[in-house]
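First comes the structure, then the notes that go with it.
Throughout, a chain's letter reflects where its sequence line sits, starting with A, and its residues are numbered from 1.
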Number of protein chains: 4
Amino acid sequence: MRSKRDNGPTFTERARRAQIVECAINLIAEIGYSQTSISKIAERAGVAKSVVLYYFANKDELLNTVVTEIFLAGAAVMVPAMKAEPTAAGKLRAYIRSNGEFISAHREHALAMLDIWTSYRSASGQRLDEVMVESTKQNPPQGDLAELDPVRILELGQQTGEFREFSAPLMAAAVRSAIDGSVTQSSVDPGFDVMAYCDELVTVFDLATRRNT
Amino acid sequence: MRSKRDNGPTFTERARRAQIVECAINLIAEIGYSQTSISKIAERAGVAKSVVLYYFANKDELLNTVVTEIFLAGAAVMVPAMKAEPTAAGKLRAYIRSNGEFISAHREHALAMLDIWTSYRSASGQRLDEVMVESTKQNPPQGDLAELDPVRILELGQQTGEFREFSAPLMAAAVRSAIDGSVTQSSVDPGFDVMAYCDELVTVFDLATRRNT
Amino acid sequence: MRSKRDNGPTFTERARRAQIVECAINLIAEIGYSQTSISKIAERAGVAKSVVLYYFANKDELLNTVVTEIFLAGAAVMVPAMKAEPTAAGKLRAYIRSNGEFISAHREHALAMLDIWTSYRSASGQRLDEVMVESTKQNPPQGDLAELDPVRILELGQQTGEFREFSAPLMAAAVRSAIDGSVTQSSVDPGFDVMAYCDELVTVFDLATRRNT
Amino acid sequence: MRSKRDNGPTFTERARRAQIVECAINLIAEIGYSQTSISKIAERAGVAKSVVLYYFANKDELLNTVVTEIFLAGAAVMVPAMKAEPTAAGKLRAYIRSNGEFISAHREHALAMLDIWTSYRSASGQRLDEVMVESTKQNPPQGDLAELDPVRILELGQQTGEFREFSAPLMAAAVRSAIDGSVTQSSVDPGFDVMAYCDELVTVFDLATRRNT
DNA sequence: GATGAATGAGCATTCATTCAT
DNA sequence: GATGAATGAATGCTCATTCAT
């Protein structure tokens, strides 16, 4: 795709890829991943179907790009918010609220992400996480991205004595799925107030995790 | 399929339908709804593809049967458990735990249900809940099934003074999505301890809802 | 299907066969031969699909019965009308008018007949007439039915000097297709006045065939 | 299939479409519309089934193209022939003869057209004319094509006094169905002399329409 | 860079027919 | 007599992908 003396992707290439990814996200948010085909994406982007496969080797690569894109956009919002909080309780609060803010601000991205996450199956029936295991194992999240793991926040709080005793992985799973619930709700009811919901979650997990005196 | 003066379904018919539904559930749990085709279901059931369509007018009817079957099986476990509890706090506890018990005992059913719920899209892109709205509006859940609505439990607790003030619909959404999270976790990690997770949830929502003295 | 000491078809058998044939005719007239399936016929008759194939070895036999039935019903109307006319001109007039009367009185039968005649193709693409050739060759129309051949009428008229010189087969083809046109028209426009049309045809072919002095 | 700024169909596209249409016509003429499937058309064209659906969105679009193609080819022959005749009687003669010439010269096209016309039923059982009503209402035949309406010829002749009094619509129906009869005859007997038949029709309708002195 | 052309695999569904009861 | 059960072939159609230009 590029010459030997490689200067990285050209401007056009990046623009086209971004455009295609954007159309894919909109489409997935609108009609669901399972109904989203390459030709529909191409149609919406106003290009030939083969153009999509020129920029992305196959459907899975496009999908992967979409997921990564959204994930990084979310991280860009959440990581700073969490870093700004010194305490574990503060970090947990920031984790929930900043996630909610991203979902509110980028509703379509969140819808697309959740839909892919829950709907995607490879030809052999593997889910996205199963497929991603290899690449993740090779590139475990480092530095800032590791901050996004709720298990770490909870363990931190238990170490500092802010939080009571509980299973950090289980509590983390509860936090994550409760937050994801806001996307599901939002897809059912477009008027769903994600931030109000997340504020409620902040209270819930504050009461549920803090050490009672 | 049957004449007017109807003696109800044959023995064979009930058996075959049950078998097909079972195969469908297994398959959906295994490879996901989007990868589940009628021919794969037939293959697993060891019958010709056309047999499936002999017993179910079309894919949607089969799907509907699957969903209803699983839902009723879940309700059969949950409703008695909740009725046995007099207090709202007890009912909430029973709601979470009995749901967890059903998920543990029928892991494949729960996986299939969740996958259908999140993946299904009609030809026009509608989700299952959107499609079901009409039938639900015509036949709103009555009697025992109404017990399964978590909003009612929470409002009850607020009326009796057991629970603090909060938005019942939002809290209910949190409860539901936290419970559903156990299925997602279970699909990612087959060894996930659903009951331990639900016990943790019981604590979380007990702390989060009870009136602090 | 019947015992050795054969008393011919039982009452039930004849009744069932008649009922099925009737339903087939209605259905073909309504939705066209190509959309008419055995299961639809059975459904309309209120019996199981296999019942239809119990009385008729296969679809073609049912079809054949339908065609024969309608043809004989038409002949029953037309033959007497033609016999009543002594002259060739009178017979031609009677041929057209009585055919029109049959079409008017049994619109569905006529529609079904025409639709089968034009639409039917065997699995190998043969038309109904091609398929029927063998049976017709073995049993050429005799006696009264031979009266229905318009070629004979025209040749008779030429022998008696009533008609001018023309090619009888070609003129006969013109007469037949003009009459059939009334069915086509009637299917397009249910209000089409078949008798008025046939009266016009009578005039047309009277003017067209008579010897001018 | 093509981008917005459109240079019109490619050479390949036009060629392939023409080839597919041609194969469809041959096949319909041979085995009838009801037995003609997309895969058979593709097989005859020597391409994959999906190629047919690459050029025609669905079977109906292909069908429509076939019908339009044949109709326009017929009109191209008939319109000039009729225009060349100044009198109504001449026009009527030209209408019949030029139609016959087209049928003789393009036997397969005529057979296909008639078969589609009589056999086609939409999924809901509508005939081709019923389906075409809307498009025809929006685009009524204009200019030259209006010449092809036999009703107009007959009314013209009555206005000029060339023709006697009769119902023009009924006479037109008779003319049309008599002509169509040549196609039916030709399909039954490949050696049928269409032009001789049409010449006979010319005489028939000349005698039948002209004002007797 | 971009795209038109082509393809094969798969899917849901329809249907005539066979067979055991 | 009647029917439920089962099946294989066929149909229209979608889609991701390949390839030559």
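- Proximity of a side-chain donor or acceptor of A:Thr10 to a complementary backbone N or O of A:Glu13 within less than 3.5 Å is detected.
- With hydrogens and angles disregarded, no donor-acceptor distance shorter than 3.5 Å links the side chain of B:Gln35 to the backbone of B:Gly32.
- For the side chain to side chain donor-acceptor pair (under 3.5 Å) with C:Tyr120, the lone residue among C:Asp60, C:Asn64, C:Asp129 that qualifies is C:Asp60.
- Scored by the side chain to side chain donor-acceptor pair (under 3.5 Å) test, A:Glu30 finds A:Arg44 as partners (sequence neighbours excluded).
- Between D:Tyr54 and E:dA5, a side-chain N or O to OP1/OP2 separation shorter than 4.0 Å is present.
- Judged by the 6.0 Å and 45° rule, C:Lys59 forms a cation-pi pair with C:Tyr33.
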Protein proximity profile, nucleotides 11-21 of chain E - base contact B, sugar-phosphate-only contact S, no contact -, cut-off 4.0 Å on heavy atoms: SBBBSBBB---
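- In this view, A:Thr68 satisfies the side chain to side chain donor-acceptor pair (under 3.5 Å) rule with no residue, not counting sequence neighbours.
- Listed nucleotides E:dA5, E:dG1, F:dG1 differ in distance to A:Thr12; the shortest reach to its side chain belongs to E:dG1.
- Here the side chain of B:Gln19 pairs a donor or acceptor atom with the backbone of B:Ala45 at under 3.5 angstrom.
- Protein atom CZ of B:Phe56 is 12 Å distant from nucleotide atom P of F:dA6, rounded to whole Å.
- We find that CD of D:Glu43 is positioned 14 Å from C1' of F:dT11, with the value rounded to whole Å.
- Residues passing the salt bridge (Lys or Arg N to Asp or Glu O under 4.0 Å) test with C:Arg16: none are found, sequence neighbours excluded.
- Computed from coordinates, the B:Arg17 CZ to F:dG4 C1' distance equals 14 Å when rounded to whole Å.
- Protein atom CZ of C:Arg14 is 11 Å distant from nucleotide atom P of F:dG1, rounded to whole Å.
- Residues satisfying the side chain to side chain donor-acceptor pair (under 3.5 Å) test with A:Ser124, not counting sequence neighbours, are A:Ser122.
- Separating the CD atom of D:Glu13 from the P atom of E:dT3 is a distance of 15 Å, rounded to the nearest angstrom.
- Whole-Å rounding puts the A:Ile41 CD1 to F:dT14 P distance at 17 Å.
- As a whole-Å value, the separation of D:Ile31 CD1 from F:dA10 C1' is 13 Å.
- The CZ atom of C:Arg16 sits 9 Å away from the C1' atom of F:dG1 (whole-angstrom rounding).
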Dot-bracket summary - DNA chain F, pairs being Watson-Crick or G-U whose distances fall under 3.5 Å, with | when paired to another strand: .||||||||||||||||||||
